[in-house]
Amino acid sequence: MTEAVTADRSSAAPVVITTIAGMRAALAERRSGAEAPGPAEPVRVALVPTMGALHTGHVALVERAAEIADVVVVSIFVNPLQFTDPSDLERYPRDLEGDLAKLAGHGADIVFAPEVDELYPGGLTATRVTAGRVGGLFEGRSRPGHFDGVLTVVAKLLGSVGPDVVLFGQKDAQQVFLVQQMVTDLDMPVRVEVVETVRDYDELALSSRNRFLDERERRAAITLPHVLEAAESASDRGIDAVLAAAQSAAMGEQLVELDYLAIVHPDTFLPVDDGYTGKARVIIAAKVGDTRLIDNAAIYLGT
Ligand code: PAF
């Protein structure tokens, strides 16, 4: 794949950079104004971290990044550190050429696509970011260490690219919470922007995992957004009503095996106390056939 140190925003296809040194050199060149002589304007850089297998949800992140930044970097790196099941890592779809085609014309300037050896030259790093208490709940309970792996690679990507803003999709609500927490706790000089979940025609949240669903499973998968809708419509009647409505919407579809359904506080990502009223988030994870799906929705809990 081509190594390039310049990015041409007007070109439809992003340039591909595979090394940290190349990435830093490309952005240093943009920031020093070498490409655009004239009064120096600060160059705003946005990073959209991905593991590839791009879909319309990723494209929405890239388009938003292009609205707010001068240079848009999309990282494509399947991070071994965040997989707890080796077969999951192995079957994770990898198609750089296909991903580049999907990005064309949407405002990505640079694709940062390092090999595993580039980001982890001495093997998986001994130094890791720990996600703390929330990292062990919900997604973290079924995948111990997953969020330490996510935060460690996000920290490395932020260190390699040095963006002003980093964008994530709301679908991965726990990941978003933990990245925001890391950025605050470690005083990282970057703003986290969250982009709303993009949904398919029947409200199923777009996910790279949807491709693993067969026809029956795909139909069954819309149970997840239905559960969220049921929760939202009961939200003015309080926590118990929300949980009862959501649980009853989750039952009855044999192909769907619920992992967790919870109402969390937006500030702590911990389950809300009994009697709580105010902003909250309903989160759900379920296995549909062999495929694990997650989704979430903001609600306002009334009495
Ligand atoms: O959400 C993802 O695709 C990954 O967890 C991320 C943030 C790119 C880190 O590998």
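Owing to the predicted nature of the structure, the values given are computational and were not obtained by experimental measurement. Start at 1 with the first residue, then count along the sequence. Whatever order the structure lists them in is the order used to number ligands and atoms, beginning at 1.
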Could you pull out the N/O contacts under 3.5 angstrom between ligand 1 and the surrounding protein atoms?
| residue | atom | partner | partner atom | Å |
| --- | --- | --- | --- | --- |
| ligand 1 | 1 (O) | Gln175 | OE1 | 3.4 |
| ligand 1 | 1 (O) | Gln175 | NE2 | 2.8 |
| ligand 1 | 5 (O) | Gln82 | NE2 | 3.0 |
| ligand 1 | 5 (O) | Gln175 | OE1 | 2.7 |
| ligand 1 | 10 (O) | Gln82 | OE1 | 2.6 |

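- Between Phe168 and Val154, the closest side-chain pair of non-hydrogen atoms falls below 4.5 Å.
- The shortest non-hydrogen separation linking Ala280 to Pro266 is CA-CD, 3.8 Å.
- Between Arg31 and Asp164 there is a salt bridge, since at least one side-chain N of the basic residue sits less than 4.0 Å from a carboxylate O of the acidic one.
- The pair Arg292-Asp259 meets the salt-bridge criterion, with a side-chain N (NZ, NE, NH1 or NH2) lying under 4.0 Å from an Asp/Glu carboxylate O.
- Phe177 and Phe269 have tilted rings, their planes meeting at an angle from 30° to 60° on a 0 to 90° scale.
- Residues that satisfy the salt bridge (charged side-chain N to carboxylate O under 4.0 Å, His left out) test with Asp202, not counting sequence neighbours, are Arg218.
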